[in-house]
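None of these values were measured; they are calculated from a predicted model.
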Amino acid sequence: MAESHEGAATSPAGPDVPVAFEDPGYREAVVDLLGVIAYAEISAFERLAEDAKLAPTLADKVALAAMATAEFSKVAAIHDRVRTFGGDPFEAMTPFRLPVEQFHRHTAPADWLESLVKAYVGDGLANDFYREVAAYLDPGTRDLVVSSVEGGEHAAFVVDRVRAAIVADPRVGGRLALWGRRLMGEALIQAQRVAAKRDALSALLAGGVDRPGLDLAALGRMFTRLTERHAERMALLGLDS
């Protein structure tokens, strides 16, 4: 049998999928995770393209359109990985359509600044969670997930615009700080709902006899890290978390 670059036996699913991860539960969990990430990317593309209409300048409109394009460009690779695991990408995304759209309905921005904070803080929180989960995946899927949630090139644009708005009108800061807290609360609620309905994802975090998982203490530390990163983003925007 072929050997991977890490020395572990590989499976027919691909050169970077160890035999230890061939169990149906793991494969279902991976397809679920990739499904929610893929639909989140599509939803982000739609939302950012719509939010671009609120942009105060042409340069801002183009910048947000570029962010939208970057989100959509990640979808094809995720779909390909779903197929590698024997799944249909559209079937994989379907269970997550409602919860993702519910989140966006509950957090519809009232103006341009709120849309920027949502793109930076809301999406950042979700991406942090996906990075945490990626640590429990096979190398190929892990690397794909991590690359799919990268978006640091847009951070400077958002931070610059929000900070400038606060300097121009300090009252804006208080409103956007409340908005940031609401985004985090809604994101956590939706994440809990998804996990409660998708047993495979919960089992992935719990681990198995051939792979590590999260105990209660580790789960607590993970949510602490998520909270700390959220606070760091808020601080970079000049907002209190």
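Once rounded to the nearest 0.5 Å, the distance linking CZ of Arg181 with NE2 of His230 reads 8.0 Å. Here Leu183 contributes atom CG and His106 contributes atom NE2; the two are 13.0 Å apart, rounded to the nearest 0.5 Å. Atom CD of Glu101 is separated from atom NE2 of His104 by 8.5 Å, given to the nearest 0.5 angstrom. How far CG of Asp143 is from CZ of Arg81: 9.0 Å, rounded to the nearest 0.5 Å. Atom-to-atom distance recorded for Glu41:CD and Asn127:CG is 7.0 Å, nearest 0.5 angstrom.
What you find for Asp138 and Phe85 is that their closest heavy atoms are OD1-CZ, 3.5 Å. In plain terms, the two heavy atoms of Asp240 and Ala177 that are nearest each other are O-CB, 3.4 Å. Contact record, Arg142 with Ala134: CG-O, 3.1 Å, taken as the closest heavy-atom pair. In this structure, Ala70 and Ser73 approach most closely via the heavy-atom pair O-OG, 2.7 Å. Across every non-hydrogen atom of Val158 and Met67, the tightest pair is CG2-CE, 4.3 Å. For Ala108 against Glu114, the heavy-atom pair with the smallest separation is O-OE1, 4.4 Å.
Using a 4.5 Å cut-off on side-chain heavy atoms (C-beta onward), Tyr120 and Leu236 make contact. At a threshold of 4.5 Å between non-hydrogen side-chain atoms, the residues Met234 and Val121 count as touching.
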Could you walk me through whether Leu176 and Leu113 pass the side chain to side chain contact (heavy atoms under 4.5 Å, CB included) check? CA-CA 8 Å; Leu176 294 181; Leu113 290 174; 4.2 Å; yes
Start with the C-alpha gap between Leu237 and Arg163, add the side-chain angles, then the distance that decides, and say whether side chain to side chain contact (heavy atoms under 4.5 Å, CB included) holds. CA-CA 6 Å; Leu237 292 172; Arg163 281 187 168 273; 5.7 Å; no
Salt bridge (charged side-chain N to carboxylate O under 4.0 Å, His left out) between Arg229 and Glu132, worked out: CA-CA 12 Å; Arg229 290 172 190 148; Glu132 292 281 352; 3.0 Å; yes
Audit row: Asp123, Arg47, salt bridge (charged side-chain N to carboxylate O under 4.0 Å, His left out) steps and yes/no: CA-CA 11 Å; Asp123 292 354; Arg47 172 173 46 85; 2.9 Å; yes
Assess whether side chain to side chain contact (heavy atoms under 4.5 Å, CB included) is satisfied between Glu50 and Glu46, documenting all intermediate values. CA-CA 6 Å; Glu50 185 68 21; Glu46 294 176 328; over 6 Å; no
Go through the steps for Trp179 and Leu239 under the test side chain to side chain contact (heavy atoms under 4.5 Å, CB included), then give the verdict. CA-CA 10 Å; Trp179 176 240; Leu239 305 173; over 6 Å; no
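When hydrophobic clusters are built by joining Ile, Leu, Val, Met, Phe, Trp and Tyr residues whose side-chain heavy atoms come closer than 4.5 Å, directly or via intermediates, Val146 is not grouped with Met222. Cluster membership for Leu188 and Val149, using ILVMFWY side-chain heavy atoms within less than 4.5 angstrom, is shared. Cluster membership check: Leu64 shares its hydrophobic cluster with Val159, using side-chain heavy-atom separations under 4.5 Å among Ile, Leu, Val, Met, Phe, Trp and Tyr. Linking Ile, Leu, Val, Met, Phe, Trp and Tyr residues whenever their side-chain heavy atoms come within less than 4.5 Å places Phe157 and Ile166 in a single cluster. Tyr130 and Phe223 fall within a single hydrophobic cluster, where Ile, Leu, Val, Met, Phe, Trp and Tyr are joined by side-chain heavy atoms under 4.5 Å apart, directly or via other members.
Of the charged side-chain nitrogens involved, none lies within less than 4.0 Å of a carboxylate oxygen, so that Lys61 and Asp51 do not count as a salt-bridged pair. Looking at Arg175 and Asp111, a side-chain N of the basic residue comes within less than 4.0 Å of a carboxylate O on the acidic one, giving a salt bridge. Ionic pairing of Lys118 and Glu186 is not present here: no N-O contact between side-chain nitrogen and carboxylate oxygen is shorter than 4.0 angstrom. One finds a salt bridge joining Arg233 and Asp128 here, because a Lys/Arg side-chain nitrogen approaches an Asp/Glu carboxylate oxygen to under 4.0 Å.
The closest side-chain donor-acceptor pair between Thr107 and Arg182, if any, does not fall under 3.5 angstrom.
Sparse packing is recorded around CZ of Phe72, with 12 or fewer heavy atoms of other residues, nucleotides or ligands lying under 6.0 Å away. No more than 12 heavy atoms of other residues, nucleotides or ligands shown are found within 6.0 angstrom of CZ on Arg97.
Of the possible polar contacts, one joining the Ser115 side chain to the Trp112 backbone as a donor-acceptor pair under 3.5 Å is found. For the pair Tyr39 (side chain) and Ala92 (backbone), a donor-acceptor distance under 3.5 Å is absent.
With respect to Ile37, the side chain to side chain contact (heavy atoms under 4.5 Å, CB included) criterion is satisfied by exactly one of Ile78, Ile42, Val75: Ile78. Applying the side chain to side chain contact (heavy atoms under 4.5 Å, CB included) test between Val82 and each of Thr141, Val31, Val30 identifies Val31 as the sole match.
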